[in-house]
Each structure stands twice: as C-alpha cells, then as structure tokens.
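Report on one structure; see the data block that follows.
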Amino acid sequence: MIERAWEKKIEPLTVRISTAVRITGLSRSRIYELIQSGDLETTKVGRATLVQYRSLKLLTDNAGPVIDGPP
C-alpha cells in the first residue's frame with residue numbers, strides 16, 4: 001500500500017486507555033486519576049473509554065521542565 005505524505009501527519013482524535021498509558025509512560029491508575037480530576041478529556045463509546053488525543057498532548061506539552069533538585 002502506498003502512503004501519501006499527508007496521511008502520515010494525521011493524528012488520532014481519540015485513543016484507548018491502554019494506548020494513552022503506552023504513549024505517555026504514565027501508569028494506568030495515574031491516567032484514571034487525571035480523568036477523574038478533569039485533566040484528561042474522555043468520550044464513552046459503548047463500554048469503551050476513549051481519551052481525547054489533544055487532551056494528552058496538552059497535558060504533556062504543559063508539563064514543563066523536569067527539575068532534579070538543587071545542584
């Protein structure tokens with residue numbers, strides 16, 4: 001199958017919880033905590049909970065620099 005350049009740039013609208021865990025490196029329980037606190041937006045489709053991909057991006061973009069502590 002031939003992929004077009006514009007097809008490679010398409011981001012998903014939503015991802016499953018397991019995918020959110022994999023792409024963020026956060027634990028499953030932490031993802032659910034972020035959903036409960038309203039930091040991650042979700043959509044329910046049947047029994048599936050889908051995380052809004054833009055919400056994940058905003059979360060990781062706003063994380064800020066990692067500070068190890070005093071030098």
- Rounded distance (nearest 0.5 Å) linking atom CG of Leu40 with atom CG of Leu26: 8.5 Å
- Query: In this structure, which one of Val21, Leu34, Thr24, Val15 forms a side-chain contact (heavy atoms from CB on, under 4.5 Å) with Val51?
  - Reply: Val15
- Message: Measuring from atom CD1 of Ile17 to atom CZ of Arg28, what distance do you get when rounded to the nearest 0.5 angstrom?
- Response: 6.5 Å
- Item | Spacing of Gln52 atom CD and Leu58 atom CG [to the nearest 0.5 Å] | 11.0 Å
- Note on the structure: For Arg47 and Lys44 the tightest heavy-atom approach is O-NZ, 3.4 Å
- Would you please name every residue forming a side chain to side chain donor-acceptor pair (under 3.5 Å) with Ser18, sequence neighbours left out? none
- Query: Hey, what do you get for CD (Glu41) to CG (Leu56), rounding to the nearest 0.5 Å?
  - Reply: 10.0 Å
- Between Tyr32 and Ile23, is there a shared hydrophobic cluster once you connect ILVMFWY residues whose side-chain heavy atoms come closer than 4.5 Å? yes
